[in-house]
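As structure tokens, the structure follows; a few thoughts come after it.
Heavy atoms only: backbone and side chains are in, while hydrogens, waters and symmetry mates are out.
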Amino acid sequence: MAASIALAFVTAKLARENLKSCIMGMLPGGMTLTMLLCEEDKEVNPNVVMVMQVLRLLGVVITVPFLVIWLLNAHVTGSSVALPNHGGVHWLVVVPLSILGSFIATKIHMPTPKLLGPILATAAFSVFDGGVQPVPFWLMAAAQASIGLFMGMQLDADRIVKTEKMVPYILIGTAILIVVSIGMANVLSARYGFSLVTAFLAMAPGGIAEMSLAGMSMGENVSIILTYQLVRVLVINIFIPPLLAWWFKAKQA
């Protein structure tokens, strides 16, 4: 996260773009999550954030599997990926949990309440009630396809042309973030005994679903990957918006 913010400062200065937009675009919180945050801040240019997030995620999704397969000697164990079923309450319980979590998060003015509310409510239920059965693969695939279609429709030729001066900085920034992730992965692997592939996928600046699916297909420890990715997303969504608001307000004072 620190590397992302530092790169955003450099990008904003060199490309002469809005700093807050560059910070939101460079943060490794996932396209969907970051775009939801942008809707709550009128000073952020969603066009810039969208292009930065899409190019960064594409770079990570294309590069990270290549690196772990060819440089770290990981092996793909299968083309179909499914979450293991360890029992628990039927997955349909997530529907009322999501509605309740979204309602509570909205009432307490939590950032991105329609996203964080369901995540926290479902996670709390799983911890205290012994778990929830995995959502069917077809439903997960449909949800991911819907998100992909929505994001793809937001990114058109006009958006890219308007932000073409930023493309080199975005690609270089993505490469730097991947290098930083490799360094952090080595630290995690040495300290906690994770495999280097698991540690790398946990640290990679991609989306939760993409990195978890990559870990599943390679037989890695998905719970570790998911935990690190989810904690980072929660930290970004809960702490970054108020910190940015405080910092820019202090700067204008």
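Legend: residues meeting side chain to side chain contact (heavy atoms under 4.5 Å, CB included) with T174, ordered by chain and number and at least two apart, are R56, V60, I170, I178. In this view, S181 and F200, M203, P205 satisfy the side chain to side chain contact (heavy atoms under 4.5 Å, CB included) rule, not counting sequence neighbours. With sequence neighbours excluded, the residues forming a side chain to side chain contact (heavy atoms under 4.5 Å, CB included) with L7 are M26, I176, L177, listed by chain and number.
Here the side chains of N18 and V48 are not in contact, with every heavy-atom distance at 4.5 Å or above. No side-chain heavy atom of L196 sits less than 4.5 Å from a side-chain heavy atom of I182.
For E220 and S195, the side-chain atoms include at least one donor-acceptor pair closer than 3.5 Å.
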- Message: Under the criterion side chain to side chain contact (heavy atoms under 4.5 Å, CB included), I'd like the reasoning laid out for E17 against T11: C-alpha separation, chi angles, the key distance, then a yes or no.
- Response: CA-CA 8 Å; E17 188 53 68; T11 302; over 6 Å; no
- Task: Applying side chain to side chain contact (heavy atoms under 4.5 Å, CB included), run through I224 and L201 and close with a yes or a no.
- Result: CA-CA 9 Å; I224 296 297; L201 292 174; over 6 Å; no
- Message: Please evaluate residues W247 and L19 with respect to the criterion side chain to side chain contact (heavy atoms under 4.5 Å, CB included), reporting the C-alpha separation (whole Å), side-chain torsions for both, the decisive distance (0.1 Å), and the verdict.
- Response: CA-CA 12 Å; W247 190 80; L19 176 58; 3.8 Å; yes
- Task: Test M52 against S21 for side chain to side chain contact (heavy atoms under 4.5 Å, CB included), laying out the working first.
- Result: CA-CA 9 Å; M52 293 183 74; S21 299; over 6 Å; no
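Counting all heavy atoms, side chain and backbone alike, M166 lies closest to C22 at CE-SG, 3.8 Å.
For the atom pair CG of N221 and OG1 of T227, the computed distance is 8.5 Å after rounding to the nearest 0.5 Å. A distance of 5.0 Å separates OG1 in T198 from CD1 in I225, rounded to the nearest 0.5 Å.
Every pair passing ring pair (Phe, Tyr, Trp, His ring centres under 6.0 Å) that includes a residue from residues 173-197 is listed here, sequence neighbours excluded: Y192-F194.
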Distance-only check: which donor-acceptor pairs under 3.5 Å involve side-chain atoms of residues 100-108, not counting sequence neighbours?
{"unit_1": "T106", "atom_1": "OG1", "unit_2": "S102", "atom_2": "O", "d": "2.7"}

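The cluster map of Ile, Leu, Val, Met, Phe, Trp and Tyr, joined by side-chain heavy atoms under 4.5 Å apart, puts V167 and I62 in different clusters. Hydrophobic clustering (ILVMFWY, side-chain heavy atoms < 4.5 Å, transitive): L243 and I23 are in one cluster. Cluster annotation: F9 is connected to L27 through the hydrophobic network of ILVMFWY side chains, with a link wherever side-chain heavy atoms come within less than 4.5 Å. Hydrophobic cluster membership is shared by V231 and I5, with clusters built from Ile, Leu, Val, Met, Phe, Trp and Tyr side chains linked at under 4.5 angstrom.
With a 4.5 Å cut-off between side-chain heavy atoms of Ile, Leu, Val, Met, Phe, Trp and Tyr, the cluster of L14 takes in V10, Y169.
Side chain of K20 to main chain of V44: no donor-acceptor pair is present (N/O by atom type, distance under 3.5 Å, no hydrogens or angles). Not a single donor-acceptor pair under 3.5 Å links the side chain of S189 to the backbone N or O of A185.
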